[in-house]
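Below is one structure, written out as structure tokens, with a few remarks after it.
Being a predicted model, the structure only gives us computed values, none of them experimental.
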Amino acid sequence: MALTFSDLHTEKGLKTLEEHLSGKTYISRDQLSVDDAKVYAAVSENPGDGFPNACKWYDSVASHLAKSFPGKAVGVRVGTSVTPSEAQQTEAFNAAAGADNDDDDLDLFADETEDEKKAAEEREAAKKDTKKPKESGKSSVLLEVKPWDDETDMKKLEEAVRSVQMPGLTWGASKLVPVGYGIKKLTIMMTIVDDLVSVDNLIEDHLTSEPNNEYIQSVDIVAFNKI
């Protein structure tokens, strides 16, 4: 039957552990096991003299783990409100146990191989590429805007054209060109961000629709060049 311990960072939880370890050396067997590693990971620090059984057990487990990590420790504290998962605790214990048997094969300070260095550089380059915003293409477009007749106020017509504003659209230079019979047309430049502005939609949904169609009869694309 599985044992259950909770709140081992509190006095109540440590009291439960103390009672369980009465007459025992380890949590579930006479030898150190994964169960000890799980409970040890959940206990934040040595229980102290107030819990002699738990204190003796804690020191014993710490001693075994210390043999698996011979390097000199400077001492650290890890603050967290989350208890490590059972899988994490088991993995940590198994890694420590394996270190006892594989000391000759483990070199924590070995230099990186060329393949490892290359892989690390590729990972860093991939991160930079994902962070860099992709630049959208731009286009320069020349429009020809025609009025209804010679009585159309061309100043208001141009104001109607320039009143259309949207992300990625920038209006440029313009001029009036005589057509005949006293009628003039407006030619006007604009720069667009291709991914943001559709010229066809701009003409159909904005320039030749209400209220702008009071002045604008039609709009034609004279030139369309990628920048």
Side-chain angles (χ1 to χ4, degrees), residues 41 76-92 95 107-227:
V76 297
R77 287 182 178 274
V78 179
T80 177
S81 58
V82 180
T83 301
S85 68
E86 181 174 301
Q88 290 173 321
Q89 296 166 3
T90 302
E91 181 180 353
D107 186 356
L108 297 177
F109 303 99
D111 293 335
E112 285 184 317
T113 65
E114 288 300 322
D115 290 340
E116 290 172 337
K117 289 181 180 178
K118 184 177 181 180
E121 291 172 357
E122 291 175 350
R123 286 194 298 270
E124 288 300 319
K127 290 180 182 178
K128 291 180 180 178
D129 289 340
T130 56
K131 292 179 180 178
K132 184 179 180 181
K134 294 183 179 179
E135 296 183 359
S136 177
K138 293 183 179 181
S139 298
S140 176
V141 185
L142 177 62
L143 297 180
E144 185 178 83
V145 185
K146 295 178 182 177
W148 287 102
D149 51 41
D150 61 340
E151 296 182 356
T152 301
D153 188 328
M154 296 304 293
K155 182 177 180 181
K156 290 185 177 181
L157 180 145
E158 181 172 352
E159 290 176 352
V161 172
R162 293 184 181 276
S163 69
V164 178
Q165 299 291 327
M166 62 181 65
L169 170 63
T170 303
W171 294 108
S174 64
K175 68 176 181 178
L176 295 176
V177 180
V179 177
Y181 303 101
I183 301 175
K184 295 181 179 181
K185 63 183 178 181
L186 173 73
T187 58
I188 185 168
M189 291 292 301
M190 67 176 183
T191 302
I192 63 170
V193 176
D194 297 334
D195 290 346
L196 300 178
V197 180
S198 166
V199 179
D200 290 337
N201 290 342
L202 172 67
I203 293 173
E204 295 174 8
D205 299 338
H206 298 279
L207 295 177
T208 57
S209 298
E210 294 183 353
N212 294 330
N213 60 1
E214 179 182 352
Y215 305 101
I216 301 172
Q217 179 191 49
S218 63
V219 179
D220 296 317
I221 301 172
V222 179
F224 195 121
N225 299 305
K226 294 289 184 180
I227 299 177

Whether the side chain of Trp148 engages the backbone of Asn213 through a donor-acceptor N/O pair (distance < 3.5 Å, no angle test) should be reported.
yes

Looking at CG of Leu186 and CG of Leu157, how far apart are the two atoms once the value is rounded to the nearest 0.5 Å?
6.0 Å

Minimal non-hydrogen separation, Leu207 against Ile216, with atom names
O-CD1, 3.3 Å

Measure the OG-NZ distance between Ser140 and Lys226 for me, rounded to the nearest 0.5 Å.
11.5 Å

Does Asp149 reach the main-chain N or O of Thr152 with its side chain, forming a donor-acceptor pair under 3.5 Å?
yes

How many angstroms lie between OG in Ser198 and CD1 in Ile192, if you round to the nearest 0.5 Å?
8.0 Å

Pair Leu143, Thr187 - check side-chain contact (heavy atoms from CB on, under 4.5 Å), show working.
CA-CA 6 Å; Leu143 297 180; Thr187 58; over 6 Å; no

List, one per line, each side-chain donor-acceptor pair under 3.5 Å for residues 173-183, sequence neighbours excluded.
unit_1	atom_1	unit_2	atom_2	d
Ser174	OG	Glu158	OE2	2.7
Ser174	OG	Arg162	NH2	3.3

Using modelled atom types and a 3.5 Å cut-off, is there a donor and acceptor pairing between side-chain atoms of Asp220 and backbone atoms of Val222?
no

Any side-chain donor-acceptor pair under 3.5 Å between Asp194 and Ser139?
yes

Side chains of Met166 and Leu196: closer than 4.5 Å at any heavy-atom pair?
no

Please give me the minimum heavy-atom distance between Ile188 and Gly172, naming the atom from each residue.
CG1-O, 4.2 Å

Check: Trp171 side chain, Val164 main-chain N or O, donor-acceptor pair, under 3.5 Å
yes

For the side chain of Asn212 and the backbone of His206, is there at least one donor-acceptor N/O pair under 3.5 Å apart?
yes

Rounded to the nearest 0.5 Å, the CD atom of Glu159 sits from the NZ atom of Lys156 at a distance of 8.0 Å

Pair listing, salt bridge (charged side-chain N to carboxylate O under 4.0 Å, His left out) test, anchored in residues 178-191, at least two apart:
Glu144-Lys185

Enter the distance from Leu202:CG to Thr208:OG1 here, rounded to the nearest 0.5 Å.
9.0 Å

For Lys138, the salt bridge (Lys or Arg N to Asp or Glu O under 4.0 Å) test, sequence neighbours excluded, returns none

